[in-house]
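I have placed the structure first, in the form of structure tokens, so that the comments after it can refer back to it.
Each chain gets a letter, A, B and so on, in the order its sequence line appears, and its residues count up from 1. Keep in mind that this is a model prediction, so the values were computed, not measured.
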Amino acid sequence: MGCVPSKGRRQCPGYEDPVFLASQTTFSVSEVEALFELFKSISSSVIDDGLINKEEFVLALFKNRKKENLFASRIFDLFDVKHKGVIDFGDFVRALHIFHPNTSLEDKINFSFRLYDLDNTGFIERQEVKQMLLALLGESEMKLADETIEAILDKTFLEADTNQDGKIDLSEWQYFVSKNPSLLRIMTLPYLRDITTAFPSFVFYSEVDEA
Amino acid sequence: LNLNAFDIISLSSGFDLSGLFEETD
């Protein structure tokens with residue numbers, strides 16, 4: 001099973017033509033092919049079926065398959081656009097494209113909004129932000145009094161929720177992020193700029209003459 | 001504490017995808 005080269009073509013569930021994926025994303029054809037090497041490695045780490053399940057995703061992130069993590073789980077769910085419980089190669093490339101240094105700020109802002117909108121209502125609500133703060137505190141074993149957490153939430157929603165309706169909509173988020181650009185730091189992965197250097201073996205399997 | 005909640009949340013290791021690119025060879 002898994003992803004195997006066959007007559008120069010790769011047999012893999014959800015595999016898409018690198019030329020097509022490059023046309024839809026910031027990546028060059030060579031970069032898409034290099035990402036396939038990364039994808040193969042992650043998707044075969046637990047079950048060699050050519051798809052990344054949540055356990056494999058967490059294992060790749062933390063090198064620890066048992067770790068439960070709200071944030072990693074949320075990222076996985078956004079990568080899994082077809083809601084199949086697995087990430088195929090096309091999902092993987094299109095999602096990572098958002099994290100490319102050259103991808104537009106607008107795309108990054110929109111993705112980050114969805115990241116924090118845990119229940120997909122189209123709004124970032126106070127209880128969602130509190131849930132994430134508590135998860136982070138649990139992850140780091142850091143302790144903060146509930147009054148401190150509420151004070152942080154008050155301050156945040158005072159700044160971000162400009163119409164003061166208790167929730168942050170996309171336009172409020174866009175404005176808030178423009179005043180706090182450091183919030184987008186997590187949306188850019190410098191590794192993606194050098195992906196062909198990091199995974200040079202793609203050259204041996206390349207299906208195109210030029211990239 | 002001068003940080004907003006999102007500054008704090010973005011420190012989570014789960015939002016840092018760098019791990020995907022490490023130790024994969």
| S73(A) vs K54(A), side-chain hydrogen bond (donor to acceptor under 3.5 Å, both in side chains): CA-CA, chis, key distance, verdict | CA-CA 7 Å; S73(A) 182; K54(A) 195 170 281 188; 2.8 Å; yes
| Donor-acceptor under 3.5 Å (E128(A) side chain, D119(A) main chain) | yes
| query | Do W173(A) and F123(A) have ring centroids that are under 6.0 Å from one another? | reply | no
| request: In sequence, state the C-alpha distance, the side-chain angles, and the governing distance for D161(A) and K167(A), and then conclude on salt bridge (charged side-chain N to carboxylate O under 4.0 Å, His left out). | output: CA-CA 6 Å; D161(A) 177 20; K167(A) 54 196 182 185; over 6 Å; no
| What part of I124(A) gets closer than 4.5 Å to chain B, counting heavy atoms only: side chain, backbone, both or neither? | side chain
| task | Report the option among D16(B), L11(B), D7(B) that has the most heavy-atom pairs separated by less than 4.5 Å from atoms of chain A. | result | D7(B)
| said: If we count only N and O atoms by modelled type, under 3.5 Å, do the side chains of S30(A) and T196(A) hold a donor and an acceptor together? | reply: no
| query | Side-chain donor-acceptor pair under 3.5 Å between E139(A) and N69(A), yes or no? | reply | yes
| request: Would you mind checking which part of L189(A) comes under 4.5 Å of any heavy atom in chain B, side chain (CB onward), backbone (N, CA, C, O), both or neither? | output: side chain
| request: Measure F79(A) against the heavy atoms of chain B and call it side chain, backbone, both or neither at under 4.5 Å. | output: side chain
| If contact means a heavy atom pair closer than 4.5 Å, which residues of residues 175-186 of chain A contact chain B? | F176(A), N180(A), S182(A), L183(A), I186(A)
| field | Sub-6.0 Å ring centroid separation between F99(A) and F111(A) | value | yes
| request: For Q131(A), enumerate each residue passing the side chain to side chain contact (heavy atoms under 4.5 Å, CB included) test, keeping only those at least two apart in sequence or located in another chain. | output: L70(A), L118(A), Q127(A)
| Contact class of L136(A) relative to chain B, heavy atoms under 4.5 angstrom | side chain
